[in-house]
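To start, the structure itself, in structure tokens.
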Protein chains: 2
Amino acid sequence: MSENDKLTEERIFEAATDVFVDKGMDGARMQDIASHAGINKALLHYYFRTKDQLFNAVFEMIAGRMLKKFAPVFDENLSLEAKIRFFFKEHIAFLQENPKLPGFILNEISRNPARIKKLLKKVHFESLWKNLYEQHKTELGKYNITEATMPQLIISIVSLSVFPFAARGIIEGILEKVGIDFDEFIEERKNFAAEFVIKAITR
Amino acid sequence: MSENDKLTEERIFEAATDVFVDKGMDGARMQDIASHAGINKALLHYYFRTKDQLFNAVFEMIAGRMLKKFAPVFDENLSLEAKIRFFFKEHIAFLQENPKLPGFILNEISRNPARIKKLLKKVHFESLWKNLYEQHKTELGKYNITEATMPQLIISIVSLSVFPFAARGIIEGILEKVGIDFDEFIEERKNFAAEFVIKAITR
DNA sequence: ATTCGGTTAAACTTAATAGTTAAATTTAAT
DNA sequence: ATTAAATTTAACTATTAAGTTTAACCGAAT
């Protein structure tokens with residue numbers, strides 16, 4: 001039945017997401033995905049003909065979800081400082097719940113850069129940044145931002161939020177030698193990163 | 001001959017480095033490595049018995065090299081501001097020459113976190129950070145740094161330097177839509193990141 | 001000259017994996 | 001009850017990769 005269909009397809013999709021995120025495209029095994037979904041390989045291929053097809057479906061979904069997470073900041077009607085605080089709070093919270101996504105996406109893109117291009121086409125960064133810039137024209141006097149430094153600033157902000165998750169293995173290893181818990185560190189980071197950036201751009 | 005030995009072993013090692021960094025442990029093929037080294041599979045196994053052994057050798061060498069790149073900052077006899085500028089200049093320059101290392105290391109560690117622990121054991125972060133802290137006690141009045149915020153600060157600094165390379169695929173994609181060249185962006189970053197951090201910690 | 005280590009080439013084994021297929025069985029709608 | 005679709009089982013094909021083996025080649029040291 002079609003209801004059941006959806007359920008199974010969704011179960012497969014979720015299982016595939018788990019396994020792909022965990023092992024990467026190369027490391028993932030179709031049998032493993034089938035087992036995770038509580039079905040068999042035959043049915044897996046019945047729903048998604050090939051590993052590539054399945055992977056692409058999963059990747060586009062995840063990458064799309066990540067990209068969307070960056071969007072709301074551009075819309076919110078807040079001061080620039082408030083926006084920065086809002087971003088780190090929300091974005092790090094999202095990553096706390098999906099800690100493996102950064103590593104997964106970063107890795108798969110570096111193995112196959114073409115994959116991301118299709119998704120990027122849909123987003124119009126030029127206008128997004130222009131909008132952000134326009135919205136805060138009035139605040140520009142207080143800050144150091146020019147249109148030219150916007151990319152550096154934005155990528156810096158994203159770095160501060162995403163990198164600790166992408167490098168979790170190392171950071172966790174280092175922190176535990178100093179007696180700090182990774183989760184605490186991340187919790188603190190929401191504030192630290194926000195204040196860090198605000199101070200950095202305030203002249 | 002032993003001279004020849006070293007040469008071949010080195011050729012293999014370099015070829016393996018290239019292929020592993022490019023494809024990752026899972027994606028790399030022994031045949032591919034042999035071809036890159038200009039030898040055959042038999043000889044490859046003659047020098048490094050298994051793929052795992054070869055990979056471990058390569059990984060430890062690369063990860064060790066990366067870790068060492070962070071060390072000199074702690075020794076240099078410079079003001080904190082000068083150190084920060086020095087770090088970004090040197091470290092980003094190193095990454096410009098080895099742009100794929102961050103992605104490789106980050107990915108392999110996230111697939112197998114145990115791998116890094118052995119290497120981290122050798123480095124004594126507690127004393128390194130304490131030293132750094134002691135060295136700049138006199139400057140503390142000017143900055144916002146406490147011993148508690150040291151990890152946040154240091155990881156922020158590393159993020160700003162490393163992340164653009166780890167996320168190169170995406171960033172390149174975005175930047176080219178705004179008409180910016182990745183290499184230019186990175187070149188600018190040496191200064192931007194340094195000034196960004198210095199402003200962030202100056203009160 | 002001969003032995004030995006580095007080297008090649010090619011065939012081979014073994015194991016894992018992707019993907020297919022067909023028959024049997026279950027499930028749910030009519 | 002009948003039917004059609006969803007699902008399982010299990011066997012099968014084809015492919016790919018790691019690692020081994022064998023026989024032969026070559027240059028240099030004994």
Side-chain angles (χ1 to χ4, degrees), chain A residues 1-62 104 107-108 110-112 114-115, chain B residues 1-62 104 107-108 110-112 114-115:
Chain A
M1 194 193 268
S2 183
E3 294 259 330
N4 218 330
D5 253 37
K6 281 280 168 236
L7 283 184
T8 306
E9 191 167 333
E10 202 142 312
R11 276 218 328 281
I12 293 176
F13 197 84
E14 279 163 21
T17 302
D18 287 350
V19 175
F20 277 131
V21 167
D22 220 58
K23 306 277 177 66
M25 165 65 167
D26 288 337
R29 300 290 161 243
M30 292 299 266
Q31 180 55 58
D32 196 14
I33 293 172
S35 303
H36 266 69
I39 57 162
N40 52 27
K41 229 175 25 138
L43 194 60
L44 182 55
H45 281 97
Y46 173 78
Y47 276 96
F48 297 86
R49 206 159 296 155
T50 67
K51 187 184 183 183
D52 269 296
Q53 246 176 65
L54 180 53
F55 178 84
N56 286 336
V58 167
F59 179 82
E60 285 195 18
M61 181 269 176
I62 290 184
F104 170 70
N107 181 48
E108 296 304 337
S110 85
R111 301 251 169 278
N112 184 351
R115 262 203 259 279
Chain B
M1 196 194 269
S2 183
E3 295 258 330
N4 218 332
D5 252 37
K6 282 278 170 240
L7 283 184
T8 306
E9 190 167 333
E10 202 143 312
R11 276 218 327 282
I12 292 176
F13 197 84
E14 278 164 21
T17 302
D18 287 351
V19 174
F20 277 133
V21 167
D22 219 57
K23 306 278 177 66
M25 165 66 167
D26 289 337
R29 299 290 162 243
M30 293 300 266
Q31 179 56 58
D32 196 13
I33 293 172
S35 304
H36 266 71
I39 57 163
N40 57 17
K41 233 175 17 140
L43 194 60
L44 182 54
H45 283 285
Y46 175 78
Y47 277 94
F48 297 87
R49 206 158 298 157
T50 67
K51 187 184 183 184
D52 269 295
Q53 243 176 68
L54 180 52
F55 179 83
N56 286 336
V58 168
F59 180 81
E60 285 195 19
M61 181 270 177
I62 291 184
F104 170 70
N107 181 50
E108 296 304 338
S110 86
R111 301 251 171 278
N112 185 350
R115 262 202 260 277

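The analysis underlying the following values was restricted to heavy atoms, covering all of them including side chains, and did not include hydrogens, waters or symmetry mates. Proteins come first, then strands; the chains are lettered A, B, ... in the order of their sequence lines, and each starts at number 1.
Put simply, CD on Glu9(B) is 17 Å from P on dG5(C), counting in whole angstrom units. In this structure, the CG atom of Asn40(A) is 14 Å from the C1' atom of dA22(C), given to the nearest Å. Here the P atom of nucleotide dT9(D) and the CD1 atom of Ile39(A) are 12 Å apart, to the nearest Å. Counting to the nearest Å, the P atom of dA10(D) and the CG atom of Leu43(A) are 16 Å from each other. dA10(D) atom P lies 13 Å from atom CD of Gln31(A), rounded to whole Å. Distance, Asp26(A) CG to dT17(C) P: 13 Å, rounded to whole Å. Rounded to whole Å, atom C1' of dT9(D) lies 16 Å from atom CG of Leu44(A).
Looking at Lys51(B) and Met25(B), their side chains come closer than 4.5 Å, going by heavy atoms from C-beta outward. Under the 4.5 Å side-chain criterion, counting only non-hydrogen atoms from C-beta, Arg29(B) is not in contact with Lys23(B). Between Tyr47(A) and Phe13(A) the shortest side-chain heavy-atom distance does not fall below 4.5 Å. Proximity of Leu44(A) to Gln31(A): side-chain heavy atoms (C-beta onward) are nowhere separated by under 4.5 Å.
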Protein N or O to nucleotides 19-21 of chain C N or O, pairs below 3.5 Å:
{"from": "dG19(C)", "atom 1": "OP2", "to": "Lys51(A)", "atom 2": "N", "distance (Å)": "2.8"}
{"from": "dG19(C)", "atom 1": "N7", "to": "Lys41(A)", "atom 2": "NZ", "distance (Å)": "2.7"}
{"from": "dG19(C)", "atom 1": "O6", "to": "Lys41(A)", "atom 2": "NZ", "distance (Å)": "2.9"}

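Distances shown here put every side-chain N or O of Thr8(A) at or beyond 4.0 Å from the OP1 or OP2 atom of dA6(D). When the side-chain nitrogen and oxygen atoms of Tyr47(A) are compared with OP1 and OP2 of dA6(D), none of them lie within a distance under 4.0 Å. At dT7(C), none of the side-chain N or O atoms of Tyr46(B) fall inside 4.0 Å of OP1 or OP2 (strictly under the cut-off).
Heavy atoms of Gly27(B) sit nowhere under 4.0 angstrom from any nucleic acid atom. When heavy atoms are screened at a 4.0 angstrom cut-off, Ala34(B) is found touching no nucleic acid atom at all.
A centroid separation of less than 6.0 Å is found between the aromatic rings of Phe20(A) and Phe55(A).
Minimum atom distance to the side chain of Arg29(B) is reached by dA17(D), of the listed dT7(C), dA17(D), dT7(D).
When all heavy atoms of Ile33(A) and Ile12(A) are compared, the closest pair comes out as CG2-O, 4.3 Å. Minimum heavy-atom separation, Ala15(B) to His36(B): CB-CB, 3.7 Å.
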